[in-house]
Every structure is written in C-alpha cells, then in structure tokens.
Amino acid sequence: MSELYNCCTEGREPDWKQFNAIEIGGCIDDNEEGDESTHIVGGIPANEAEFFTVYGHLIEGGAEAITDCDSYEQAERIAGIFAEKTGYPIHVFC
C-alpha cells in the first residue's frame with residue numbers, strides 16, 4: 001500500500017481527518033538543466049504535465065501531496081480509492 005502514499009512520510013497513510021476533498025493536479029519538474037535538485041510546479045494542464053499528483057485538500061486551506069503518478073489514469077484510479085475510503089469529493093486541476 002505504500003505506493004499509494006509515496007509522497008507521505010515513510011510511505012504511511014495520512015490522517016484523513018485533516019482533509020475535506022481529494023485533488024488531482026498536473027505537475028512538471030521545472031529545475032534548471034544540470035541542476036540535480038527538484039523544483040516541482042503544479043497546476044499544469046494535463047497535456048503539458050510530466051506526471052500527476054493526488055493531493056488531500058486541507059480543511060484549513062491548501063493541499064498536501066499524497067502520491068505522485070506517472071499517468072492521469074493512474075492518478076484518477078488512486079484518487080478514486082481515496083474518495084471511496086473517505087467519502088470526499090474529487091476535484092481535478094489539470
């Protein structure tokens with residue numbers, strides 16, 4: 001199950017009580033050439049995204065990354081698993 005939570009500390013399931021929705025967002029790594037660090041940018045349209053992240057929307061505002069996915073279809077499937085588990089709606093931002 002840790003692949004469902006690959007953005008979470010030690011791959012552990014998050015505390016779902018801090019969220020009120022599940023979000024899917026398109027992302028790119030916008031680091032400069034030769035720079036080995038990462039600089040992730042979200043809010044990317046699906047046709048331009050390098051990968052997709054499933055987030056929990058925080059009740060207090062903002063979002064927390066839960067898992068990164070290689071494809072939109074994978075993100076949609078995993079978001080569905082989370083929504084079924086929590087009863088939260090899914091919002092797509094890509």
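As the structure is a prediction and not an experimental result, all values here were calculated from the model. The figures that follow rest on heavy atoms only: side chains count, while hydrogens, waters and symmetry mates do not.
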(request) Would you give the length of the straight line joining atom CZ of R77 to atom CD1 of I24, rounded to the nearest 0.5 angstrom? (result) 11.5 Å
(request) Working to the nearest 0.5 Å, report the span between CD of E76 and CD1 of I22. (result) 13.5 Å
(message) Please say yes or no: joined through hydrophobic side-chain contacts below 4.5 Å, possibly via intermediate residues, are I78 and V92 part of one cluster?
(response) yes
(message) Please find the pair of heavy atoms, one from G26 and one from A49, that lie closest to each other, and give the distance.
(response) CA-CB, 3.8 Å
(request) Heavy atoms only: give me the nearest G25-C94 pair and the separation to one decimal. (result) C-CB, 4.2 Å
(request) Would you confirm whether the ring centroid of F82 sits within less than 6.0 angstrom of the ring centroid of Y55? (result) no
(message) Starting from Y72, can I reach F51 by hopping between I/L/V/M/F/W/Y residues whose side chains sit under 4.5 Å apart?
(response) no
(message) Between H39 and N31, does the side-chain hydrogen bond (donor to acceptor under 3.5 Å, both in side chains) criterion hold? Intermediate values first, please.
(response) CA-CA 5 Å; H39 180 248; N31 64 334; over 6 Å; no
(request) Please report the shortest heavy-atom distance between A75 and C69, naming the atom on each side. (result) CA-SG, 3.6 Å
(request) Would you check if the side chain of Y88 reaches a backbone N or O of W16 as a donor-acceptor pair within less than 3.5 Å? (result) yes
(message) What's the separation between atom CD in E23 and atom OG1 in T53, rounded to the nearest 0.5 Å?
(response) 11.0 Å
(message) I'd like to know if the side chain of E48 and the backbone of I44 have a donor-acceptor N/O pair within less than 3.5 Å.
(response) no
(message) Working to the nearest 0.5 angstrom, can you tell me the gap between E50 CD and I40 CD1?
(response) 8.0 Å
(message) Can a donor-acceptor pair be found, under 3.5 Å and without considering hydrogens, that links the side chain of N6 to the backbone of D68?
(response) yes
(message) Apply side-chain contact (heavy atoms from CB on, under 4.5 Å) to residues F19 and E64 and explain how you reach the verdict.
(response) CA-CA 9 Å; F19 306 121; E64 182 176 305; 3.9 Å; yes
(message) Using the rule that Ile, Leu, Val, Met, Phe, Trp and Tyr join whenever any side-chain heavy atoms are under 4.5 Å apart, tell me whether L58 and I90 fall into a single cluster.
(response) yes
(message) Could you check whether atom CG of D15 has more than 12 heavy atoms from other residues, nucleotides or ligands sitting under 6.0 Å from it?
(response) yes
(request) Find the distance between CG (L4) and CD1 (I81) and round it off to the nearest 0.5 Å. (result) 5.5 Å
(message) If you compare all heavy atoms of G56 against all heavy atoms of I66, which two are closest, and at what distance to 0.1 Å?
(response) N-CD1, 3.4 Å
(message) So which atom in A65 and which in C8 form the shortest heavy-atom distance, rounded to 0.1 Å?
(response) O-SG, 4.4 Å
(message) Which heavy atom of H91 sits nearest to which heavy atom of P89, and what is that distance?
(response) NE2-CG, 3.8 Å
